Number of protein chains: 2
Amino acid sequence: MAASATREKIVTSADRLFYERGFEATSFADVAEAVGISRGNFYYHFKTKDQILDAVIERRIKDRHDMLDTWVDDGQTPMQCIASFIGILLMNNKKIRSFGCPVGTLFSELAKLDHPAEPGARELFDLFRIWLRRRFEDMGRTHDADALAMHILARSQGAATLANAYPDEPFLEDEVNQMIAWLDAVADQNAQKD
Amino acid sequence: MAASATREKIVTSADRLFYERGFEATSFADVAEAVGISRGNFYYHFKTKDQILDAVIERRIKDRHDMLDTWVDDGQTPMQCIASFIGILLMNNKKIRSFGCPVGTLFSELAKLDHPAEPGARELFDLFRIWLRRRFEDMGRTHDADALAMHILARSQGAATLANAYPDEPFLEDEVNQMIAWLDAVADQNAQKD
DNA sequence: CAATAATTGGGACAATTGTCCTATTCTGTC
DNA sequence: GACAGAATAGGACAATTGTCCCAATTATTG
């Protein structure tokens, strides 16, 4: 098989395992078994475990970047874009209830491990932060766009964490509704000023 | 030294290490070294690593329980109590910026590991949830006390996670102010109804 | 078809892990 | 001061870890 195809399969499996079990708790052998290749072959594609982590983070950044771009390219209004971001929580609610937020939980783990890839994980946060900031700016909130972006980012993180702790309760849906209501209120503030 | 004293020192060191490095990443040897005892002696007090984790969780529950009780016993109003809870974020802001929330990060890790102590970690959330619910009930919000408790819990978790991701920014303080403002608004809703 | 490069499988390597045992030292009581 | 039990130190144990090598196989090219 072409090396690039095998590499892609490794990254895909590692991405899933790092999310479901955590980076530290996932071994070289675990990923190799999930892909269906030998550990020796594995070494041919990735020399160290940290290299896999880097590739997984890169993949996640690309995936999220593409997703965010889609909404903008689809011609959604800035407010619809932000609502779509909030909607991620519902779209992935099953996984989030089981394993939390892929961005937040990875960052937390790497922060504790003092891992060199921590800045890479923070880039994932930055990606959403900057994109959200831009949407709020387009809504006319040039003065507090970043604060609003951080606020909605924090709310999402908190909702994901508690949804993970209480997966059987309809908490996530409630919190999403509150966030949408908050977004409406922000938009109303704008309307009054105009 | 008395066995109970050594045991306490072990739990204290393990508590700190599990918080700063994570449970999985902290080894038997790490804790023993931090306490200043041999691994053999360690085994005399705790037969398995999971037993240490159980003791750490028990300790955390007791500590938080005592802290919450203090505020109520001090004669604070329900609203002051909730404000004190929010104030934890500022009180521990240095640690939170470095390692996140001790409750949330531990739960996330154990959830990923599918660890038997996961319910114990959830108890920590329950402790805060039930205590907060009670305060909101005392404020007269009998109909939505639990939803309000979950909301403030989620906001705290999100604030801690992002403070961990952006430790050098004054985000945590901003978010705390917003949470206090939210609490004031909830109280105002009550006043209007009365 | 031959030869060269790309890809793979199987296993070796030292280090670390959680667990466990035993010999030794300390502590308190008669 | 002798003795019993509590407490400790040091190391053994198999299993697993990340890392690495090398021979065998596959794919590509002339």
Side-chain angles (χ1 to χ4, degrees), chain A residues 1-58 106 109-110 112-118 120-121, chain B residues 1-58 106 109-110 112-118 120-121:
Chain A
M1 187 188 299
S4 63
T6 304
R7 201 190 136 97
E8 289 303 300
K9 280 168 64 177
I10 291 175
V11 175
T12 300
S13 287
D15 188 6
R16 203 191 75 244
L17 288 173
F18 288 176
Y19 175 41
E20 294 180 357
R21 307 185 189 175
F23 169 70
E24 181 92 345
T26 302
S27 73
F28 246 74
D30 289 337
V31 182
E33 189 191 17
V35 181
I37 62 175
S38 66
R39 294 204 311 288
N41 184 12
F42 203 122
Y43 181 71
Y44 178 78
H45 297 279
F46 292 96
K47 299 299 175 192
T48 69
K49 198 182 170 188
D50 288 356
Q51 282 183 13
I52 314 174
L53 179 58
D54 289 339
V56 166
I57 291 176
E58 199 179 340
L106 178 65
E109 183 180 0
L110 297 185
K112 281 189 195 301
L113 295 176
D114 238 338
H115 196 281
E118 185 187 318
Chain B
M1 187 188 300
S4 62
T6 304
R7 202 191 135 97
E8 289 304 299
K9 280 168 64 179
I10 291 175
V11 175
T12 299
S13 287
D15 189 6
R16 202 192 75 242
L17 289 173
F18 288 177
Y19 174 41
E20 294 181 356
R21 307 184 189 175
F23 169 70
E24 181 92 345
T26 302
S27 73
F28 246 74
D30 290 336
V31 183
E33 190 190 17
V35 181
I37 61 175
S38 67
R39 295 203 313 288
N41 185 13
F42 204 122
Y43 181 71
Y44 178 79
H45 298 279
F46 292 96
K47 299 299 176 192
T48 69
K49 198 181 171 188
D50 289 355
Q51 283 183 13
I52 315 174
L53 179 58
D54 289 340
V56 166
I57 291 175
E58 199 178 339
L106 178 65
E109 184 180 0
L110 297 185
K112 281 190 196 298
L113 295 176
D114 238 339
H115 196 281
E118 185 188 318

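Here the structure is a predicted model, which is why all the values come from computation and not from measurement. So that the names make sense, note that chain A is the first sequence line, chain B the second, and so on, each numbered from 1.
- By the side-chain contact (heavy atoms from CB on, under 4.5 Å) test, A:Glu20 is found to be paired with A:Arg16, A:Phe99, residues two or more places apart in sequence or in another chain being considered.
- Rounded to an integer number of Å, the gap from OH of A:Tyr43 to P of D:dA23 is 16 Å.
- In this structure, A:Glu33 places its CD atom where only 12 or fewer heavy-atom neighbours from other residues, nucleotides or ligands lie under 6.0 Å away.
- Straight-line distance from the CD1 atom of B:Ile52 to the P atom of C:dT17: 13 Å, rounded to whole Å.
- Contact of the B:Phe28 side chain with the B:Ile52 side chain is registered, since non-hydrogen atoms from C-beta on lie closer than 4.5 Å.
- Here D:dA9 presents its P atom at 13 Å from CD of B:Glu33, a figure rounded to the nearest Å.
- Remark: the B:Asp30 side chain and the B:Ser27 side chain contain an N/O donor-acceptor pair separated by less than 3.5 Å.
- Residue B:Asn41 places none of its side-chain N or O atoms closer than 4.0 Å to OP1 or OP2 of D:dA7.
- Nearest to the side chain of A:Thr6, among C:dT8, D:dT19, C:dC21, sits C:dT8.
- In this structure, B:His45 places its NE2 atom 12 Å from P of D:dA6, rounding to the nearest Å.
- Closest to the B:Tyr44 side chain, of the nucleotides D:dG11, D:dT8, C:dT7, is D:dT8.
- For DNA chain C, none of the residues of residues 9-30 of chain A falls under the heavy-atom distance limit of 4.0 Å.
- Remark: P of C:dG18 and NE2 of B:His115 are 11 Å apart, rounded to the nearest angstrom.
- Rounded to whole angstrom, the span from the CZ atom of A:Phe46 across to the P atom of D:dT17 amounts to 19 Å.
- Side-chain atoms of A:Glu109 come within 3.5 Å of backbone N or O of A:Glu24 as a donor-acceptor pair.
- One can place CD1 of A:Ile37 at 12 Å from P of C:dG10, the figure rounded to the nearest angstrom.
- When distances are taken from the side chain of B:Ser38 to each of C:dG18, D:dG10, C:dG9, the shortest belongs to D:dG10.
- Remark: A:Lys47 is positioned above the aromatic ring of A:Tyr43, its terminal NZ or CZ atom under 6.0 angstrom from the ring centre and at most 45 degrees off the axis.
- What you find for A:Phe23 and A:Lys49 is that their closest heavy atoms are O-NZ, 3.0 Å.
- A straight line from CG of A:Leu113 to C1' of D:dT17 spans 15 Å, rounded to a whole angstrom.
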